[in-house]
*Asks:* 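Could you have a look at this structure, given as structure tokens, before my questions?
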Amino acid sequence: MTVKVGVIGTGWIGAEHIRRISTRVGGADVVAVTDIDADRAARAAGGVGARVLATGQEVVEAADVDAVVVTSWGPAHAESVLAAVAAGKPVFCEKPLATSADDAQRILDAEAAHGSRLVQVGFMRRFDAGYRQMKEVVSSGGIGTPLMAHCVHRNPTVPESYHSEMASQDTAVHEIDVLRWLLDDEISSVQVLTPRSTERRFEHLRDPQMLLFEMAGGARVDLEVFVNCQYGYEIGCEIVGEEGTVRLPEIPGAVVRSAGQLSTPVLQDWVQRFAAAFDTEFQDWIDEVASGTPTTGPNAWDGYAATVVTDAAVRALHSGAVVETGIKARPAFYA
Ligand code: NAI
Ligand code: ISE
């Protein structure tokens, strides 16, 4: 069976995923797209022979759309995901699932009412080979009980539209998910420290930020988010356990010796860094959708839990205090 996909939002990552589904992933075609910018939608559709529809609701309801991909702006995600669940169609939603825990809760309620899981969230790091190696080491007891983690998330620059809350909502949300997964634990509290800001930022932005998490089991995590670091895109993660440590491998690059220097290139964006993870994420999703079984990637509960933590992080940014996330117990539906 070829899975016919409808895409809502054809900006940067929407266009990437349309190309990916059409050229790199087997078993799927993009048949319909929409964007509030009609020209952008037409450009994305033209490349793959899809048709342009006027709204996300039309994409969801189209008779030939089997599954929906949501790649619009974060605040628009919940509405499209809720529409897909109401139509009983599998839906892949880029992160964040929602921009408030209340909206994420509405998605959990809708899925429960539907009676089976339909939602996958685009936390692609769970499909990255390096993070998977770390998960294997931690789960097999290779470093003993995890005690601490040290993480780094650096982007070279961000546009003027990026604001201080997005350090948590848009950027740290990846570590929030991957740490929950690696440590198999929920985040119970968060604090956000704001060092001296770099001069190389738009005036309204606090950058860098340091996020301190406590896991329910007592492990502690520090995360540096620095989105104007200038030199490149860098993702780091080390977990320290009672009997050893495990570190995210560096992506190998050619080592150059020239003009008295030893050098290796630094990646410049998430497209390069996580290309293989995105491919695996989508191939697995398409294969599972085709098989008619609920998808096994990060689900609506994971999207909800991440949003609860980012909501707490935003409160922590504004107060400077340690903020309890108040995360509730995972419902049996998502066991
Ligand atoms: P973008 O701004 O390039 O594209 C978003 C598109 O959505 C725009 O073309 C906009 O016109 C459209 N849009 C907004 N509201 C809409 C609506 N209601 N209906 C239809 N179209 C609508 O943004 P970008 O960078 O592509 O990000 C999109 C989403 O993907 C964000 O949630 C972002 O956090 C996520 N993302 C995930 C990444 C990852 O590493 N997994 C990397 C980059 C983005
Ligand atoms: C972007 O939206 C992403 O998801 C990238 O993976 C992340 O590195 C970046 O900071 C976000 O803005």
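For ligands, and for the atoms within them, numbers begin at 1 and follow the listed sequence. Residue numbers start at 1 and run along the sequence shown.
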*Asks:* Could you tell me the residue and atom name of the protein heavy atom closest to atom 7 (C) of ligand 2, and the distance to it rounded to 0.1 Å?
*Replies:* His153 NE2, 3.4 Å
*Asks:* Roughly how far, to the nearest 0.5 Å, is OG1 of Thr295 from CG of Asp287?
*Replies:* 12.0 Å
*Asks:* Give a yes/no verdict on whether any heavy atom in Asn155 is under 4.0 Å from an atom of ligand 2.
*Replies:* yes
*Asks:* Within this structure, what is the CZ-CE distance for the pair Phe278 and Met124, rounded to the nearest 0.5 Å?
*Replies:* 4.0 Å
*Asks:* Using non-hydrogen atoms of the residue, decide whether Lys95 is closer than 4.0 angstrom to ligand 2.
*Replies:* yes
*Asks:* Run the salt-bridge test on Arg180 and Asp185 with the 4.0 Å N-O cut-off and return the result as yes or no.
*Replies:* no
*Asks:* What is the nearest protein non-hydrogen atom to atom 6 (O) of ligand 2, stated with its residue, atom name and distance?
*Replies:* His174 NE2, 3.2 Å
*Asks:* For the atom pair OG1 (Thr34) and CZ (Arg51), what is the distance rounded to the nearest 0.5 Å?
*Replies:* 11.5 Å
*Asks:* Could you list each nitrogen or oxygen of ligand 1 that sits under 3.5 Å from a protein nitrogen or oxygen, with the atom names and the distance?
*Replies:*
unit_1: ligand 1; atom_1: 2 (O); unit_2: Trp73; atom_2: NE1; d: 2.8
unit_1: ligand 1; atom_1: 3 (O); unit_2: Trp12; atom_2: N; d: 2.9
unit_1: ligand 1; atom_1: 9 (O); unit_2: Asp35; atom_2: OD1; d: 3.2
unit_1: ligand 1; atom_1: 9 (O); unit_2: Asp35; atom_2: OD2; d: 2.6
unit_1: ligand 1; atom_1: 9 (O); unit_2: Arg40; atom_2: NH1; d: 2.5
unit_1: ligand 1; atom_1: 11 (O); unit_2: Asp35; atom_2: OD1; d: 2.5
unit_1: ligand 1; atom_1: 21 (N); unit_2: Ile36; atom_2: N; d: 3.4
unit_1: ligand 1; atom_1: 26 (O); unit_2: Trp12; atom_2: N; d: 3.2
unit_1: ligand 1; atom_1: 26 (O); unit_2: Ile13; atom_2: N; d: 2.8
unit_1: ligand 1; atom_1: 32 (O); unit_2: His77; atom_2: NE2; d: 3.3
unit_1: ligand 1; atom_1: 32 (O); unit_2: Lys95; atom_2: O; d: 2.8
unit_1: ligand 1; atom_1: 34 (O); unit_2: Lys95; atom_2: O; d: 3.1
unit_1: ligand 1; atom_1: 34 (O); unit_2: Lys95; atom_2: NZ; d: 2.8
unit_1: ligand 1; atom_1: 34 (O); unit_2: Asp170; atom_2: OD1; d: 3.0
unit_1: ligand 1; atom_1: 40 (O); unit_2: His174; atom_2: NE2; d: 3.4
unit_1: ligand 1; atom_1: 41 (N); unit_2: Glu94; atom_2: OE1; d: 3.0

*Asks:* Can you tell me how the ring of Tyr233 sits relative to the ring of Phe274, calling it parallel under 30°, perpendicular over 60° and tilted otherwise?
*Replies:* perpendicular
*Asks:* Using a strict threshold of under 4.0 Å (side-chain N to carboxylate O), is an ion pair present between Asp109 and Arg106?
*Replies:* no
*Asks:* Does even one non-hydrogen atom of Tyr233 get within less than 4.0 Å of ligand 2?
*Replies:* yes
*Asks:* Below 30° counts as parallel, above 60° as perpendicular, anything between as tilted: where do the rings of Trp12 and Trp270 land?
*Replies:* tilted
*Asks:* Between side-chain atoms of residues 85-92 and protein atoms elsewhere (two or more places apart, or another chain), which donor-acceptor pairs fall under 3.5 Å?
*Replies:*
unit_1: Lys89; atom_1: NZ; unit_2: Val60; atom_2: O; d: 2.8
unit_1: Lys89; atom_1: NZ; unit_2: Ala62; atom_2: O; d: 2.9
unit_1: Lys89; atom_1: NZ; unit_2: Val65; atom_2: O; d: 2.8

*Asks:* Measure the distance from atom 11 (C) of ligand 2 to every protein heavy atom, then report the residue, atom name and distance (to 0.1 Å) of the closest one.
*Replies:* Asp170 OD2, 3.2 Å
*Asks:* Counting each atom of ligand 2 from 1 as listed, which ones have a heavy atom of Thr171 under 4.0 Å away?
*Replies:* 9 (C), 10 (O), 11 (C), 12 (O)
*Asks:* How far is atom 5 (C) of ligand 2 from the closest protein heavy atom, and which atom is that?
*Replies:* Trp270 CD1, 3.6 Å
*Asks:* Give a yes or no on whether the backbone of Asp39 and the side-chain of Asp37 come within a donor-acceptor separation of less than 3.5 Å.
*Replies:* yes
*Asks:* Is any side-chain N of the basic residue among Glu175 and Arg125 closer than 4.0 Å to the acidic one's carboxylate O?
*Replies:* yes
